[in-house]
Amino acid sequence: MSSYKSEFMRTMEERGFLHQLSNAEGLDELCAKETVTAYIGFDCTASSLHVGSLVQIMMLHWFQKTGHRPITLMGSGTTRVGDPTGKDESRKVLTDEDIEGNKNGIKQVFEKFLQFGDGPSDAMMMDNADWLLKLNYMDFLRDVGRYFSVNQMIQRDSVRLRLEREQHLSFLEFNYMLLQGYDYLEIHRRTDCRLQMGGSDQWSNILSGVDLGRRLADKELFALTTPLLTTASGAKMGKTAAGAVWLNADMLSPYDYWQFWRNTEDADVEKFLKLFTILPMDEIKRLAGMEGAEINEAKKVLATEATALLHGRIEADKAAETARKAFEEGANAAGLPTIEIAATELKEGLGILNAFVTAGLCSSNGEVRRNIKGGAVRINDKAEQDHNRSITDADLTDDGVIKLSLGKKKHVLVKPV
RNA sequence: GGAGGAGUGCCCGAGUGGCUAAAGGGGGCGGACUGUAAAUCCGCUGGCUAUGCCUACGUUGGUUCGAAUCCAACCUCCUCCA
């Protein structure tokens with residue numbers, strides 16, 4: 001079925017990673033012949049990546065698994081500029097300290113998916129600040145700027161949309177594509193990297209680098225993008241009830257991460273199994289063949305496998321077990337997200353509004369009030385109608401905790417310490 | 001540099017002196033139905049120490065008893081001219 005010779009390209013194709021390729025045959029041949037180096041860049045705009053980046057990370061994972069060398073590029077240099085792609089407005093300028101902090105937060109995730117080291121296919125981490133900060137403006141303009149046509153630059157979606165929407169686009173941001181193009185050239189020079197991958201929104205940025213490679217290094221560089229991920233009903237990937245689906249455990253617990261995958265739409269189960277687990281294809285086919293309520297089993301596998309990749313098998317099994325208890329037995333599973341509160345404070349009584357905000361279930365007292373009115377607020381599984389109610393140690397269950405629920409799916413345990 | 005037009009809540013978009021925390025739609029959240037799914041239907045959707053107070057219609061000032069609405073300057077964008 002697949003016409004590709006290299007294991008990497010075959011895998012990418014059958015698992016649904018491919019969207020655009022600059023030269024499919026050429027890349028396939030190269031991957032079949034030798035150990036290739038490829039990179040993907042990541043912005044340092046937040047202290048954790050979220051599931052939106054997971055496709056790219058999985059791609060690097062497979063790239064390494066099929067015998068090649070992946071590079072993760074931390075964009076701490078380009079983050080100082082800000083990628084205008086897909087943004088309505090200029091992003092706030094981040095301070096260098098913020099960027100450095102974000103970089104450190106993001107780094108941790110890669111170690112879960114990639115093996116770093118000095119071997120031929122061991123992953124490397126680079127940071128474009130290492131060369132971008134040293135650039136000399138005049139040299140850069142002359143050596144790189146001459147190859148960029150403003151006529152073409154303003155046709156690009158990232159720029160055109162801003163222009164059409166009558167949104168400000170600073171010259172600073174306008175330069176982003178040059179810098180990303182230059183990154184590719186620089187990484188190629190340093191590591192003989194031949195491939196840049198990324199989300200489909202990065203296509204034109206990647207091609208800038210391909211162009212530079214041909215002109216300044218006289219070498220064919222390759223470009224590969226993944227499809228833009230949306231759910232079957234069209235929503236963007238990566239939102240949950242509580243906000244973004246962060247990859248760092250301190251920003252989204254393994255339990256919540258598991259829940260995110262568990263709540264996948266039926267129509268997405270196969271696609272997600274292929275992209276976000278490393279289960280063999282025939283197993284995925286079997287799971288994806290399930291219908292009706294049975295498909296819930298496939299979703300549990302998806303959730304556990306995806307969670308295991310990120311947080312480890314132990315955490316994944318724990319999350320699955322917690323969910324089983326909470327949803328299938330209705331029990332007060334101890335593994336639910338838990339907040340701690342001083343026992344003395346609990347003795348005096350904690351206002352229900354305060355409690356739900358502290359637990360992170362609501363973002364303001366007003367929201368708690370509205371949810372109480374809407375019948376969504378429960379304490380120890382009992383609906384609560386009184387916004388003046390306090391929770392006290394009298395509410396402690398036999399397990400020594402108090403269970404706060406918002407709706408049917410969101411639960412937090414309060415534990416006195 | 002000149003002339004004209006525009007900037008509204010998470011997004012789109014109505015509103016041209018008080019009845020406006022701002023129509024409508026989208027999104028989000030909650031409820032019903034289910035399978036912790038989708039679709040559908042219903043409710044909610046600025047904050048607070050809450051029959052009141054505060055913040056909010058690009059920014060800063062001003063007029064007025066009262067401003068998203070009027071005026072001035074500034075910022076950004078669009079169109080035409082130079």
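A, B, ... follow the sequence lines: proteins, then strands. Residue 1 opens every chain. Predicted model, so just to flag it, every value in this text is computed and none were measured.
Remark: C1' of B:G30 and CZ of A:Phe356 are 13 Å apart, rounded to the nearest angstrom. Atom P of nucleotide B:U34 and atom CG of A:Asp266 are separated by 16 Å, given to the nearest angstrom. The CD atom of A:Gln259 sits 10 Å away from the P atom of B:A37 (whole-angstrom rounding). Atom pair A:Phe327:CZ and B:A37:C1' shows a separation of 13 Å (rounding to whole Å applied). Note: CD1 (A:Ile372) to C1' (B:C44) measures 14 Å, nearest angstrom. Residue A:Tyr255 contributes atom OH, which lies 13 Å from atom P of B:U36 at whole-angstrom precision. One atom, CD1 of A:Ile295, and another, P of B:U36, lie 14 Å apart when rounded to the nearest Å. Taking atom NZ on A:Lys271 and atom C1' on B:A37, their separation rounds to 15 Å, with Å as the unit.
Annotation: B:U69 and B:C57 have their P atoms spaced 9 Å apart (nearest Å). Here the separation of B:G1 from B:U55, taken at their P atoms, is 38 Å to the nearest Å. Taking atom P on both nucleotides, B:G24 is separated from B:A32 by 25 Å, rounded to a whole Å. Comparing the C1' positions of B:A14 and B:A68 gives a spacing of 12 Å, expressed to the nearest Å. Nucleotides B:G17 and B:A6 have their P atoms positioned 15 Å apart, rounded to a whole Å. Of the P atoms belonging to B:C44 and B:A22, the separation is 13 Å, rounded to the nearest Å. One C1' atom belongs to B:G46, the other to B:G28, and the distance between them is 15 Å to the nearest Å. Comparing the C1' positions of B:G58 and B:U8 gives a spacing of 10 Å, expressed to the nearest Å.
For A:Arg215, the salt bridge (Lys or Arg N to Asp or Glu O under 4.0 Å) partners are A:Asp211, not counting sequence neighbours. With sequence neighbours excluded, no residue satisfies salt bridge (Lys or Arg N to Asp or Glu O under 4.0 Å) with A:Asp28.
Checking A:Asp256 against A:Ser253 by side-chain atom types alone, a donor-acceptor pair falls below 3.5 Å. For the 3.5 Å distance criterion, the side chains of A:Tyr182 and A:Glu186 qualify, holding a donor opposite an acceptor.
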Between protein and nucleotides 45-55 of chain B, map the contacts as a letter string: B base, S sugar-phosphate only, - none, heavy atoms under 4.0 Å, written 5' to 3'. S-SSSB-----
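Pair assignment for B:C77: B:G5, on the basis of Watson-Crick or G-U wobble contacts that are both within less than 3.5 Å. Nucleotide B:U69 forms a pair with no other nucleotide shown, judged by Watson-Crick or G-U wobble geometry with both contacts under 3.5 Å. Base pairing of B:A37 is not made with any nucleotide, judged by Watson-Crick or G-U wobble geometry with both donor-acceptor distances under 3.5 Å. Under the Watson-Crick or G-U wobble criterion, with both distances below 3.5 Å, B:G24 is paired with B:C12. In a base pair of the Watson-Crick type (N1 to N3 plus N6-O4 or O6-N4) or a G-U wobble (N1-O2 and O6-N3), with each distance short of 3.5 Å, B:U51 is matched with no nucleotide. Judged by Watson-Crick or G-U wobble contacts below 3.5 Å, the nucleotide B:G43 has B:C29 as its partner.
None of A:Arg286, A:Lys299, A:Lys285, A:Arg15 except one satisfies the salt bridge (charged side-chain N to carboxylate O under 4.0 Å, His left out) rule with A:Glu270; the exception is A:Lys285.
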Could you walk me through whether A:Val414 and A:Glu340 pass the side chain to side chain contact (heavy atoms under 4.5 Å, CB included) check? CA-CA 6 Å; A:Val414 177; A:Glu340 298 184 333; over 6 Å; no
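For A:Phe272 and A:Trp261, the ring centers sit closer than 6.0 Å to each other. Ring centers of A:Phe110 and A:Phe116: at least 6.0 Å apart, outside the cut-off.
Residue contacts shown for A:Lys299 include a base, since a base heavy atom lies under 4.0 Å away.
Taking 4.0 angstrom as the limit, A:Lys408 places a side-chain polar atom (N or O) nearer than this to OP1 or OP2 of B:A32. Residue A:Lys409 places none of its side-chain N or O atoms closer than 4.0 Å to OP1 or OP2 of B:G30.
Nearest-nucleotide assignment on RNA chain B puts the 5′-proximal partner with A:Gly374, out of A:Gly374 and A:Trp258.
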